[in-house]
Amino acid sequence: MRLSRSFIPTMKETPAEAQITSHRLMLRAGMVRQTSAGIYAWLPLGLRVLKNIERLVREEQDAAGAQEVLMPTIQPAELWKESGRYEDYGKEMLRIKDRHDRDMLYGPTNEEMITDLFRQSVKSYRELPQILYHIQWKFRDEVRPRFGVMRGREFLMKDAYSFDIDHAGAVQSYRKMMLAYMRTFQRIGLKAIPMEADTGPIGGDLSHEFIILAPTGESQVYYDATFEEMDYLSAGAGGFSHESAEDLERFFKAMTTQYAATDEKHDATKWAMIDAPRKREGRGIEVGHIFYFGTKYTKSMGVRIAGADGKPVHPEMGSYGIGVSRLVGAVIEASHDEAGIIWPDSIAPFKAVILNLKRGDAACDALCEALYAKFAGTALYDDREDRAGVKFADADLMGHPWQVVVGPRGAAAGRVELKRRATGERVELTPDEALARIG
RNA sequence: CGGGGCGUGGCGCAGCCUGGUUAGCGCGCGUGUUUUGGGUACACGAGGCCGCCGGUUCGAAUCCGGCCGCCCCGACCA
């Protein structure tokens, strides 16, 4: 994309409504614009990041054996009346009426709907286990939306639902999802820690929230450094496979025996027993939450399937959420500096930005065009007629992992400068060397 | 939902208390000159229902009332 032709409205100053870092940077970098309290429009740069996170989440869900579906945003109230949550959910649920005066709602979550879909088709234990997920916009009419996309009323969420014939199977599904989550967060470039959580309105008796560390987090968290040292992506010895019950068991044990707690569940006595150098504490942002809730919905909604002995059984369920749009803000909270955002390579909107420091200079223009063509759409080309300083500042602000700086001096000699955003390190290279380095 | 604050060109703000010419400043935007590796300088220019409705007044951005919107702190949440 050529910056001169793009819709990426960067700003030098921060709009007054934005207080926390990620919100300020997202507005300044031209990623989003607010349309109402807690409701945002995603502009090209922000949407690219959102899509990248969505892609990683999808890949890991698929790898764990979950199947993607897409449920509607608007749901009939009947399903919620059936489960009993139509009354329980309160004002957070946006209730609407259609032209026939039927009660509808904008989905805040999808347990009821997925359970309805399941009961329509699944009749036998032979068809289990099943894990279904979708990535869809949700609406929760928060009393007080804040922190930009991290606490919006409308948000993009990946929610998965597992169906198993018995408790043992449900636990297995739960562990699979937990592993998928740790892999997902690692790929996004985050250190996420699973912490035991209350189950809240969704109900159930086994639940973990996934928390990443960032100074602006909403709650105080404590955990053992072991979590940071683990590699959830490696396949060999020490790694974990979704397919192996032993691996999942070992993985789950590792996740639940090391100390990790939010301030609500913090146990000062246990904490005191941990070696000081292994203690990690700070503010945390919740980026995912998983629940096992057994037969809560299959009972209330009358779901029965044939068990092995031919007798009817209520399947056991779990649900698994990742705040996809929240992650965009959360990553920025965890990865930025004075100058702006620092994108992890895996979710960056562009691999690199090409800075043409002197548009109109034949050597610069030619070199930039050649580079831009080689990137084949994966780089942003700053071809604006602005001063070098403006381009440097915007490049840092937008946070591209690599900056390929093309100035008249270097261009004449066939050289460019490659800057790594995260470290600030710069090297002079030939264009081909730079391309190879970026990969 | 309790407490606090704010709404003035795209962004950041001043003006309001003490009503009175064409509503001002910085940034950004346009044109030109200048500068040419970290938000250059100068000149000229475009751009405003002063959140909305009503009231007071000869006269309202300014005073009064109502409404709407947004932000922050707290209680609550992916």
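Below, chain A is the first sequence line, B the second, and so on; all start at residue 1.
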So [X], base contact, sugar-phosphate only, or nothing? Heavy-atom distance under 4.0 Å.
| X | result |
| --- | --- |
| K91(A) | sugar-phosphate |
| G152(A) | base |
| D159(A) | nothing |
| R33(A) | nothing |
| R359(A) | nothing |
| A393(A) | base |
| V405(A) | base |
| G321(A) | nothing |
| A18(A) | nothing |
| E13(A) | base |
| S325(A) | nothing |
| E417(A) | base |

Let's see if you can work this out: which of [options] has an atom nearest to the side-chain heavy atoms of [X]?
| X | options | answer |
| --- | --- | --- |
| M11(A) | G37(B), C76(B), C11(B) | C11(B) |
| A16(A) | C71(B), G12(B), C77(B) | G12(B) |
| A388(A) | C11(B), G37(B), C73(B) | G37(B) |
| V390(A) | G37(B), G39(B), C70(B) | G39(B) |
| A37(A) | G37(B), C71(B), C11(B) | C71(B) |
| P15(A) | C27(B), G37(B), G12(B) | G12(B) |
| R326(A) | C77(B), G12(B), C1(B) | C77(B) |
| R151(A) | G28(B), C70(B), C76(B) | C76(B) |

Across all strands shown, which nucleotide pairs with G65(B) by Watson-Crick or G-U wobble geometry, both distances under 3.5 Å? C53(B)

Assess whether side chain to side chain contact (heavy atoms under 4.5 Å, CB included) is satisfied between L79(A) and M301(A), documenting all intermediate values. CA-CA 8 Å; L79(A) 288 176; M301(A) 295 180 68; 3.9 Å; yes

Could you work out the separation of [N] and [M] based on their [atom1] atoms and round it to a whole Å?
| N | M | atom1 | result |
| --- | --- | --- | --- |
| C52(B) | G2(B) | C1' | 26 Å |
| U62(B) | U21(B) | C1' | 16 Å |
| C70(B) | G26(B) | C1' | 24 Å |
| G48(B) | G38(B) | C1' | 34 Å |
| G4(B) | A75(B) | C1' | 16 Å |
| C68(B) | G54(B) | C1' | 14 Å |
| A41(B) | G37(B) | P | 16 Å |
| U40(B) | U35(B) | P | 15 Å |

When the distance from [atom1] of [X] to [atom2] of [N] is rounded to whole Å, what number comes out?
| X | N | atom1 | atom2 | value |
| --- | --- | --- | --- | --- |
| D141(A) | C76(B) | CG | P | 18 Å |
| H23(A) | C72(B) | NE2 | P | 8 Å |
| I39(A) | C71(B) | CD1 | P | 11 Å |
| I8(A) | C11(B) | CD1 | P | 19 Å |
| E142(A) | A75(B) | CD | P | 14 Å |
| L355(A) | G37(B) | CG | C1' | 10 Å |
| R146(A) | C1(B) | CZ | C1' | 13 Å |
| E92(A) | C76(B) | CD | P | 12 Å |

Is there a side-chain contact between E209(A) and F291(A) (heavy atoms, below 4.5 Å)? no

Quick one, I438(A) and V404(A) - any side-chain contact, counting heavy atoms below 4.5 Å? yes

Assign each of F392(A) and D386(A) to its nearest nucleotide of RNA chain B by heavy atoms, then name whichever residue's nucleotide is nearer the 5' end. D386(A)

Which sits closer to the 5' end of RNA chain B, R144(A) or G389(A), going by the nucleotide each is nearest to? G389(A)

Could you tell me if the ring centre of Y372(A) sits under 6.0 Å from that of Y381(A)? yes

Pair H266(A) + Y259(A): ring centers closer than 6.0 Å: yes

Please state whether the phosphate of [N], meaning OP1 or OP2, lies under 4.0 angstrom from any side-chain nitrogen or oxygen of [X].
| X | N | result |
| --- | --- | --- |
| K358(A) | U35(B) | no |
| Q19(A) | C73(B) | no |
| R387(A) | U40(B) | yes |

Given T184(A) and Y232(A), is the side chain to side chain contact (heavy atoms under 4.5 Å, CB included) satisfied, shown in steps? CA-CA 9 Å; T184(A) 303; Y232(A) 307 99; over 6 Å; no

Any chance you could lay out the side chain to side chain contact (heavy atoms under 4.5 Å, CB included) test for L43(A) and I8(A), step after step, and finish with the verdict? CA-CA 7 Å; L43(A) 308 189; I8(A) 304 178; over 6 Å; no

Please assess R24(A) against Q19(A) for the test side-chain hydrogen bond (donor to acceptor under 3.5 Å, both in side chains), listing each intermediate value before the final yes or no. CA-CA 6 Å; R24(A) 298 165 70 106; Q19(A) 296 300 316; 5.1 Å; no

Working to the nearest 0.5 angstrom, can you tell me the gap between D164(A) CG and Q130(A) CD? 9.5 Å

